[in-house]
Number of protein chains: 2
Amino acid sequence: MDGSDTSPNKLKRSRPVKVADQIKQWVVERDLKDGDKLPNEGEMIKLFGVSKGTVREALRILEAQGLIITKTGPGGGSIVGEVSAERASSLLANYFYFQDLSLTDIYQMRKALEPELVASLAGNLTDEQLSELEALAEMHPKPAETAEQEKEHHISSLKFHARLSEFAGNKLLGFVIGFMSRILTDLTVYRRLYDKPNFELWKKGREHQIQLVKALRAGEATIAQNIMKSHMQIAEELMQTQEASLTKQFMGD
Amino acid sequence: MDGSDTSPNKLKRSRPVKVADQIKQWVVERDLKDGDKLPNEGEMIKLFGVSKGTVREALRILEAQGLIITKTGPGGGSIVGEVSAERASSLLANYFYFQDLSLTDIYQMRKALEPELVASLAGNLTDEQLSELEALAEMHPKPAETAEQEKEHHISSLKFHARLSEFAGNKLLGFVIGFMSRILTDLTVYRRLYDKPNFELWKKGREHQIQLVKALRAGEATIAQNIMKSHMQIAEELMQTQEASLTKQFMGD
DNA sequence: TAAGATTTGTTCGTATGTATC
DNA sequence: GGATACATACGAACAAATCTT
């Protein structure tokens with residue numbers, strides 16, 4: 001957090017934005033952590049010499065970014081809050097709302113990253129984590145018969161990948177993969193992608209997931225990596241048989 | 001943008017947040033685009049049945065997310081604004097401020113993605129873009145002698161990668177690579193990474209960039225990819241000779 | 001359960017700043 | 001420069017939530 005004007009922008013910053021920056025600075029100077037308390041409204045009014053309304057607008061700015069949490073009542077007030085992956089994901093989704101991503105774009109990334117992820121995860125998961133993945137993989141033992149079931153299957157499958165990403169030691173890698181799962185899930189929910197059940201693809205996908213968990217448990221990094229590569233290939237083919245443009249299907253919160 | 005309560009959270013949402021959601025909904029229902037005008041404060045007060053202060057807090061929330069831009073004066077008011085890559089990057093950096101990324105984490109990603117990027121860029125760049133990259137690559141013909149010069153060289157090098165990422169047809173891939181360049185640049189600026197000039201690494205890095213541009217111009221995807229792989233290897237080695245933990249060095253705006 | 005204290009939440013009236021014509 | 005239309009900011013009052021006793 002710098003707080004100072006890093007860019008040569010001479011953009012006029014409104015007072016609430018300035019105050020928001022001042023609060024940020026106040027927090028960083030004191031190296032405050034997750035649950036630490038900020039001054040209350042009254043103190044901020046005196047501290048920054050602005051009115052209550054201005055302070056509150058500043059607090060809403062920080063809250064929107066996920067940096068603080070505000071509660072009412074005695075002992076209430078604002079505290080520092082770690083930005084959650086969920087919130088970061090939402091904010092980022094707002095950016096891609098305008099960007100016109102294609103399925104090809106997303107799968108170019110998935111093909112590069114998901115095999116990398118499982119390779120680094122092999123042999124490093126707890127029994128509990130492995131069991132959970134197993135349960136997700138075996139959730140749908142029967143092929144879909146209706147479009148609705150097909151949709152459920154695919155959301156489950158994405159859930160498998162999302163959960164996998166949360167186990168990543170590499171938080172950046174984990175976040176990006178989780179973000180892609182989210183986008184694809186939103187897509188599946190809001191559009192009626194996956195119209196027609198596809199027996200062959202369901203079967204392959206399920207086998208892949210089960211074999212993958214086995215490889216992860218055995219610590220077979222290369223095998224896990226190869227399974228995921230094949231899996232991504234299959235998944236992309238499935239998606240590509242459906243629509244291509246997925247603009248404007250998210251921007252959630 | 002959904003606006004509705006997707007999650008099973010029974011989190012109490014303050015009125016400004018609700019109004020912000022209502023405004024979002026209002027925008028999406030009408031499919032408003034980049035420069036389109038929103039109702040002014042007075043109209044929103046009537047529209048949502050809340051006071052001026054509440055409307056203003058809601059507007060600050062949307063502004064913080066980069067979704068609207070507000071101007072004063074006649075013809076002023078709020079308009080829809082595309083979230084910029086810059087802003088999305090800042091918001092995301094807030095998340096990783098708390099996450100404890102290591103250089104190894106970042107380079108695991110870079111090694112997976114940057115070769116992929118140049119492969120897809122080969123033969124698809126304009127003369128102008130290629131010239132610009134060339135200029136960046138040839139910016140420092142002489143090895144660094146001081147720590148300050150070494151720092152400049154590395155920022156330039158990261159600029160090269162950042163620019164490259166902006167040329168990506170795949171906006172997701174481009175964004176992630178640009179984001180990593182940003183993090184590494186912030187690191188270089190705020191910490192004194194790169195203390196001691198390293199002649200061998202400078203030379204290799206420079207050659208790589210120049211060869212890379214040549215391969216991109218020739219449309220040699222595989223060659224470009226291999227050059228980038230080597231380059232990432234070198235770059236990681238260089239960084240690893242320096243500090244490892246890069247927590248809490250960003251959170252900028 | 002109830003009352004009181006604390007802190008945020010919301011409203012209103014008014015005044016000021018700023019950009020356009 | 002003056003009129004207009006808009007956001008910006010302030011201050012005082014009251015409402016609502018929540019913790020403590």
Side-chain angles (χ1 to χ4, degrees), chain A residues 5 9-24 26-27 30 32 34-81 87 253, chain B residues 5 9-24 26-27 32 34-81 253:
Chain A
D5 278 342
N9 283 342
K10 54 175 178 181
L11 269 172
K12 217 162 298 174
R13 304 158 71 129
S14 65
R15 226 195 275 243
V17 175
K18 279 186 197 165
V19 172
D21 285 343
Q22 287 177 291
I23 296 172
K24 270 198 203 173
W26 194 93
V27 169
R30 286 159 186 75
L32 299 191
D34 193 11
D36 294 341
K37 224 167 164 315
L38 272 63
N40 64 28
E41 284 184 4
E43 289 168 329
M44 287 194 188
I45 289 169
K46 281 184 286 184
L47 200 53
F48 304 118
V50 296
S51 75
K52 174 165 172 148
T54 304
V55 166
R56 288 181 57 77
E57 287 181 37
L59 292 175
R60 290 299 85 71
I61 290 171
L62 297 175
E63 208 173 48
Q65 298 177 341
L67 294 170
I68 68 168
I69 297 168
T70 301
K71 285 190 306 193
T72 62
S78 297
I79 58 173
V80 177
R87 179 162 222 93
D253 210 44
Chain B
D5 279 344
N9 284 342
K10 54 175 176 182
L11 268 172
K12 218 160 299 173
R13 299 156 71 125
S14 65
R15 228 193 279 235
V17 176
K18 281 186 195 164
V19 172
D21 284 344
Q22 286 177 292
I23 296 172
K24 269 197 203 175
W26 194 93
V27 168
L32 299 192
D34 194 9
D36 294 343
K37 225 169 163 314
L38 272 64
N40 64 28
E41 280 187 7
E43 289 168 327
M44 287 194 186
I45 290 169
K46 280 184 287 185
L47 201 53
F48 303 117
V50 295
S51 77
K52 191 173 37 185
T54 303
V55 166
R56 287 180 58 76
E57 288 182 34
L59 292 176
R60 289 300 85 72
I61 290 170
L62 297 175
E63 210 173 47
Q65 298 176 341
L67 294 170
I68 67 168
I69 297 167
T70 302
K71 284 190 304 191
T72 61
S78 297
I79 59 173
V80 177
D253 213 43

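Here is how names work: the chains are called A, B, and so on, in the same order as the sequence lines, proteins then strands, and each is numbered from 1. Heavy atoms only: backbone and side chains are in, while hydrogens, waters and symmetry mates are out.
Contact between A/Leu32 and A/Lys37 at its shortest, heavy atoms only, is CD1-O, 3.9 Å.
Put simply, CZ on B/Phe48 is 18 Å from C1' on C/dT11, counting in whole angstrom units. Distance, B/Ile79 CD1 to C/dA19 C1': 14 Å, rounded to whole Å. The nearest whole Å value for the distance from the CD1 atom in B/Ile68 to the C1' atom in D/dA7 is 12 Å. Regarding A/Ile45, its CD1 atom lies at a distance of 10 Å from the C1' atom of D/dG11, rounded to whole Å. Going from atom CD of A/Glu57 over to atom P of C/dT10 covers 13 Å, rounded to whole Å. Protein atom CG of A/Leu59 is 8 Å distant from nucleotide atom P of C/dT8, rounded to whole Å. Distance, B/Lys18 NZ to C/dG9 P: 13 Å, rounded to whole Å. B/Lys37 places its NZ atom 13 Å from the C1' atom of C/dA19, with the value rounded to the nearest Å.
Side-chain atoms of B/Lys52 and base atoms of C/dT14 include a donor and an acceptor less than 3.5 Å apart.
Among the heavy atoms of the strands lying under 4.0 Å from B/Gly77 are primed sugar atoms or P, OP1, OP2 only; no base atom is included. Across all strands, B/Ser78 comes closer than 4.0 Å to no nucleic acid atom at all (heavy-atom distances).
Taking only side-chain nitrogens and oxygens, B/Thr54 comes nearer than 4.0 Å to OP1 or OP2 of C/dT11. Close to C/dG9, at under 4.0 Å from its OP1 or OP2, lies a side-chain N or O of A/Arg56. The phosphate of D/dC10 (OP1 or OP2) has a side-chain N or O of A/Ser51 nearer than 4.0 angstrom. In this model, the phosphate group of C/dT10 is approached by a side-chain N or O of B/Arg15 to a distance below 4.0 Å at OP1 or OP2.
Listed by chain and number, the residues in a side chain to side chain contact (heavy atoms under 4.5 Å, CB included) with B/Lys18 are B/Arg13 (sequence neighbours excluded).
Taking every side-chain heavy atom of A/Glu41 into account, C/dG9 is the closest of C/dG9, D/dT8, C/dA19. Listed nucleotides D/dA9, D/dC19, D/dA7 differ in distance to A/Ser14; the shortest reach to its side chain belongs to D/dA9. When each of C/dG17, C/dT10, D/dA17 is scored by its nearest atom to the side-chain atoms of B/Thr72, the top-ranked nucleotide is C/dG17.
Between A/Glu43 and A/Lys46 there is no salt bridge, since no side-chain N of the basic residue sits under 4.0 Å from a carboxylate O of the acidic one.
Within 6.0 Å of the NZ atom in A/Lys71, the count of heavy atoms belonging to other residues, nucleotides or ligands does not exceed 12.
Counting only distance, with no hydrogens or angles, the side chain of B/Arg15 and the backbone of B/Val55 share no donor-acceptor pair below 3.5 Å.
Both A/Val50 and B/Gly75 lie near DNA chain D, and the one whose nearest nucleotide falls closer to the 5' end is B/Gly75.
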